[in-house]
Amino acid sequence: MTRPSWMLGLRSTMSAIPPPPTNRLAESSSRYLRQHANDPVAWQPYGQAAFDLADSLDRPLLLSIGYSACHWCHVMAHETFNKPEIADFLNNHFICIKVDREEHPDVDALYMEALIAQQGNGGWPITVFATATGVPIYCATYLPPFTSAHLPGLLPIAEKIIRLRDEQPETLLEASREYESALSSQHALPQTSDLELDSTLVLEQMITELWERFDPEFGGFGNQPKFPQPYVLDILWRSRRLADDPARVETMVTTTLKALANGGIHDHIDGGFFRYSTDRFWITPHFEKMLYDQAGLLSLFATVAVDTDDEDLRWVARRIFSFAVATLKLENGLYASSTDADAEGDEGGYYLLGAKELKELLADEYDTFAQFYGVSAGGNFEGRSILHRPTGASPQPNSQVSPMLPKVSSYRRDRTELGIDDKATCDGNAAWAAALLRAGRFLSDSEMLNEGLQLIERIRAMFREGDDLFHVSYQQTANIDGFASDYVNYAGGMLEAFTSTGEVRWIDEASWALKRAITLFTSANGPELAIGRRGGTLPFQSFDRYDGATPSTNSLFAWLTHRVGFITDDSELQETARQVIHAYLPLIARVPASFSILCWVHTELELGTTEVLIPGHGHQQLVDVALSNTRGDLIVVHGDATPLLTGLESGSAYLCQNRVCHLPTTDPAALRSALERIE
């Protein structure tokens, strides 16, 4: 039976068949790809060359998508891909592509959508069998080598696909068409017609939806696994002034933050947070630490610490900062994307501590340390202990325990090497810079502020070239064209730099990035941004829509076009924000908690913002009062001339609501009092 050319990319010329593929990952910049350079599978890096090879050899694809810090990615490599019989079969029948999801977020997003369409949930590694043009045939996460009682095996699936290709190609054709249909329906935004929603009612619906999922005992939402979701918590905190029951909102946020601070998801020795907890108690994490998680949590902890005058939360925020600077900061001034979950093949091996080794290290101090952090002889994770604090206790070490932390930290560092993915991404670094600047302002921490401003300068120098951004930097080299998330997060970092300094060059940079994103990534079907540019090797475009562990690109895009457009009096950007909100209204109405940021933007568009305008320079006390205020709807503009400052008297602070200003003041105390009185 003839195989249709759409499926496997039949050769279109009579040129000689190229030799069988070999593993080509050794020269990759990506640490994750290099980790698999010695696999017996003939992995190809993602790109047009791999698709051309599939076409020339008339083969389907196997894509394996993961990242360096991913525990199960390495488990699958060891247990499945290193089996000689599996590698031989794959090398003889497929073109195998290894993808670093942090290098190619568009690839990751598309196949994650396909995975969720088939399985109902997602995760990494993503394992995809696809046509030579990349259309999915079968998707899964971790697969053992052979079928078990609980999971299908990779080899039987691969063998079945080749058998169907040879004997029943129409079956594979139907499978790929089902994926095409599912992905097309997911990508189409619902028709908005004349739908209108009261923003405060939608905000209340979001709060209620989250309250119904809230764990009142241990914080967070749902049962397990649990992700911190700092951006959702941030919107909740902003919303409390408008909520019917502000105490309910405050309970959700503060309970979660205190549980996070005490749980095993928090590294009590060196600071920083792991990506998520496998249980509802926040005790047992997967042990990777991601830069983007530190960004969201730093900003959130700092904001809530100031508003509640909670020293424990301030301490946690500063520990996130000290961890990132000590561990993730690279020689070139940028920040690495993550630290590994595994150490020498041992999950959590860098962080886990056994009672015996701690006794040898701490001697007479052991009992005090063990009681404080819940260390036991049998441990709470495979015979060793994940350090944590009891519910309701302070996460800060007392005067007895505090001197022990440097000793334990040095011991961990000397005992086991911590793997660090030295990939620096534009979007991740920009989000971290924005968090440093916000937290630094709120906490009046000059070290954070200076680090944030230095990082912004470095991001501008490293990732921007002419009218384009790069996505990834390895040491001194930036490569891979920027994605929508790079342009949007870059704009967010530049807006925070403008807010902190009053230098108009930064708001100009933010405006440039947003307009460039509109040019490069606006979907043909509406105002939202696709993740990647049109064309390329992907069979479909994908869209980042839902807020979760990280904010969606389109949520941030709406927020930033609204705020940057307001500051610069740019009608095009302001209209773009309104169009995105309008396009998303049916989705917001259906599940507002999945669009928390857009719920807030919708509220600002309807109810307006609060502004503090301080023209000119040399009025630092007024500026400090404005910048230290954590009010969720506040926009602060000071320093260089922008449209909002035109005609205002230098040296005075103007408190305004939606551009309607009260009488100016030159008294910092009066400005502080006026801000506190505004509802």
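All figures in this text were calculated on a predicted structure; none of them were measured in a lab. These values consider heavy atoms only, across backbone and side chains, with no hydrogens, waters or symmetry-generated copies.
- Aromatic rings from F274 and Y351 are positioned such that their centres are separated by under 6.0 Å.
- Here the side chain of R24 pairs no donor or acceptor atom with the backbone of A42 at under 3.5 angstrom.
- Formation of a donor-acceptor pair under 3.5 Å by the D39 side chain with backbone atoms of F81 is not found in this model.
- Between the side chain of R413 and the main chain of L418, no donor-acceptor pair closer than 3.5 Å is present.
- When side chains are defined from C-beta on, S337 does not count as touching Y67, because their heavy atoms never get closer than 4.5 Å.
- A salt bridge between D468 and R516 is present, with a side-chain N of the basic residue lying under 4.0 Å from a carboxylate O of the acidic one.
- Comment: D346 does not engage R415 in a salt bridge, judged by the lack of any side-chain N to carboxylate O separation of less than 4.0 angstrom.
- T131 and T133 share a side-chain donor-acceptor pair at under 3.5 Å.
- Residues F94 and I162 are in side-chain contact: their nearest non-hydrogen atoms beyond the backbone lie under 4.5 Å apart.
- No side-chain N or O of S409 forms a donor-acceptor pair with one of R412 less than 3.5 Å apart.
- By the ring-ring contact (aromatic ring centres under 6.0 Å, His included) test, Y46 is found to be paired with F51, H104, residues two or more places apart in sequence or in another chain being considered.
- Every residue was checked against the side chain to side chain donor-acceptor pair (under 3.5 Å) condition with Y292, not counting sequence neighbours, and none meets it.
- P125 and M76 make their closest contact through CG-SD, 3.9 Å (heavy atoms, listed as atom of the first residue, atom of the second, distance).
- The side-chain contact (heavy atoms from CB on, under 4.5 Å) test with D544 singles out one residue from L556, V488, I531, D106, and that residue is I531.
- Although no hydrogens or angles enter the test, the distance criterion places no donor-acceptor pair under 3.5 Å between the side chain of T284 and the main chain of D279.
- Remark: side-chain polar atoms of S28 are not paired, donor with acceptor, to backbone N or O of S30 under 3.5 angstrom.
- Between the side chain of R59 and the backbone N or O of L53 there is no donor-acceptor pair closer than 3.5 Å.
- Side-chain contact between K423 and D100 is present, with at least one heavy-atom pair separated by less than 4.5 Å.
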Requested in this report: Give the C-alpha distance, both sets of side-chain angles, the deciding distance and a yes or no for salt bridge (Lys or Arg N to Asp or Glu O under 4.0 Å) between D270 and K289.
Outcome: CA-CA 12 Å; D270 288 324; K289 291 182 185 177; 5.9 Å; no

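- Although no hydrogens or angles enter the test, the distance criterion places no donor-acceptor pair under 3.5 Å between the side chain of R275 and the main chain of H286.
- Proximity of a side-chain donor or acceptor of N554 to a complementary backbone N or O of L529 within less than 3.5 Å is detected.
- Put simply, the residue from Q35, Q44, H36 that forms a side-chain contact (heavy atoms from CB on, under 4.5 Å) with L25 is H36.
- The backbone N or O of G153 sits less than 3.5 Å from a side-chain atom of T147, completing a donor-acceptor pair.
- Aromatic ring orientation, W512 versus Y487: tilted (interplanar angle from 30° to 60°).
- The aromatic rings of Y138 and F129 sit tilted, their planes meeting at an angle between 30° and 60°.
- A distance of 6.0 Å or more separates the ring centres of F470 and F463.
- When atom types are taken as modelled, the side chain of T522 and the backbone of T519 share no donor-acceptor pair closer than 3.5 angstrom.
- The side-chain heavy atoms of F287 and H71, taken from C-beta on, include no pair separated by under 4.5 Å.
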